[in-house]
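Only one structure is covered here, and it is reproduced in the block below.
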Amino acid sequence: LDRVSAAAVFVASSYLVGTIANVSARFFLDTASKRFVRPNLIWLFAKDKLPPVAATACSSLPLDEQASVAVDKAYSDALDATFAGGTSQIETEVVKRRTTGRLVRSALIPASVLVTVLADSMFSSWLTRTLVGALAVVVVYFALLLIYAFAEVTVFQEALNRTEFDLIVA
């Protein structure tokens, strides 16, 4: 019975740590991506596909807050239109690409822990370990942020592969 209790505590703790890691990664990546990176990357890679309202709000990089809100609305409208009445093939592609973004987001905490442990094992001085570990976590964060935002751009582009979207936003 003691081993069963220990196993139950281990499983419960694992789920709790996983949930906290996932919620934290979602907060850190989604917030920064939505406000800063995703609108700029959408403008950079898909500006010709933006609806007229969003396209006129965007003039150059980096986008101001009004333009970012317009691009984010176009992103949300494209996803809503896809799931409201898109073909099953396009809907399946969008779901696959969103899953890719979730996997990238889920890698944030484990990758940060990994580079911290590596930095800790590579250097003897506590100051060097701390500085290198902190720098490595920042680099991992920004790398995953860019990958995550680019995954969102591909979701947007796939959602725009429907003719009905043009009718909805026109």
Side-chain angles (χ1 to χ4, degrees), residues 1-47 50 54 57-76 78-79 83 92-159:
L1 189 62
D2 195 50
R3 286 185 180 182
V4 172
S5 298
V9 168
F10 175 76
V11 169
S13 300
S14 298
Y15 276 115
L16 181 62
V17 168
T19 301
I20 290 170
N22 198 7
V23 170
S24 301
R26 182 174 181 145
F27 172 75
F28 289 120
L29 286 178
D30 278 357
T31 304
S33 179
K34 181 179 179 178
R35 291 183 163 231
F36 307 111
V37 184
R38 180 176 68 200
N40 289 294
L41 285 180
I42 286 175
W43 186 86
L44 190 64
F45 291 108
K47 65 181 166 195
L50 286 172
C58 307
S59 57
S60 65
L61 290 178
L63 299 179
D64 61 12
E65 187 174 343
Q66 178 186 2
S68 291
V69 168
V71 170
D72 190 54
K73 183 172 178 0
Y75 176 81
S76 297
L79 290 181
F83 290 117
T92 301
E93 276 303 309
V94 169
V95 168
K96 277 196 261 183
R97 292 168 195 253
R98 288 181 84 184
T99 301
T100 301
R102 287 187 187 106
L103 290 172
V104 170
R105 186 176 62 214
S106 297
L108 178 65
I109 302 300
S112 298
V113 170
L114 175 68
V115 297
T116 304
V117 168
L118 287 175
D120 190 51
S121 66
M122 292 172 63
F123 301 100
S124 58
S125 165
W126 70 269
L127 181 61
T128 306
R129 286 192 310 241
T130 304
L131 292 175
V132 170
L135 179 64
V137 168
V138 169
V139 167
V140 163
Y141 172 74
F142 282 110
L144 287 177
L145 178 63
L146 283 174
I147 294 168
Y148 180 71
F150 189 74
E152 290 180 312
V153 171
T154 60
V155 166
F156 178 69
Q157 289 174 326
E158 192 62 42

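In this chain, numbering begins with 1 at the start of the sequence shown.
- Closest of all the heavy-atom pairs between Ala151 and Thr154 is O-OG1, 2.6 Å.
- Between atom CZ of residue Phe36 and atom CD of residue Glu65 there is a gap of 9.0 Å, rounded to the nearest 0.5 Å.
- Of all heavy-atom pairs spanning Ile109 and Ala21, the tightest one is CG1-O, 3.6 Å.
- For Ser76 (side chain) and Lys73 (main-chain N/O), no donor-acceptor pair under 3.5 Å exists by modelled atom type.
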- Audit row: Arg105, Asn22, side-chain contact (heavy atoms from CB on, under 4.5 Å) steps and yes/no: CA-CA 8 Å; Arg105 186 176 62 214; Asn22 198 7; 4.1 Å; yes

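- Expressed to the nearest 0.5 Å, how far CG of Leu29 lies from CG of Leu146 amounts to 10.5 Å.
- Here the closest non-hydrogen pair linking Ala149 and Val37 is CB-CG1, 3.3 Å.
- Residue Phe123 holds its CZ atom at 10.0 Å from CG of Leu131, rounded to the nearest 0.5 Å.
- Residues satisfying the ring-ring contact (aromatic ring centres under 6.0 Å, His included) criterion with Phe45, sequence neighbours excluded, are Phe150.
- Note on Asp30 versus Arg26: salt bridge recorded, some NZ/NE/NH1/NH2 to OD/OE distance being below 4.0 Å.
- Scanning both residues, Ala111 and Val140, for their nearest heavy atoms gives CB-CG1, 3.7 Å.
- The two residues Ala119 and Arg129 make their nearest non-hydrogen contact at O-CG, 3.6 Å.
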- Decide side-chain contact (heavy atoms from CB on, under 4.5 Å) for Leu145 and Phe28; before the verdict, give the C-alpha distance in whole Å, the side-chain angles of both, and the deciding distance to 0.1 Å. CA-CA 9 Å; Leu145 178 63; Phe28 289 120; over 6 Å; no

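- For the atom pair OG of Ser68 and NZ of Lys34, the computed distance is 11.0 Å after rounding to the nearest 0.5 Å.
- For the pair Arg97 (side chain) and Glu152 (backbone), a donor-acceptor distance under 3.5 Å is absent.
- Between the OG atom in Ser112 and the CG atom in Leu144 there is a gap of 7.5 Å [rounded to 0.5 Å].
- Atoms CD1 and CG, from Ile147 and Leu108 in turn, are 11.0 Å apart once rounded to the nearest 0.5 Å.
- The stretch residues 131-141 participates, sequence neighbours left out, in no side chain to side chain donor-acceptor pair (under 3.5 Å) pair at all.
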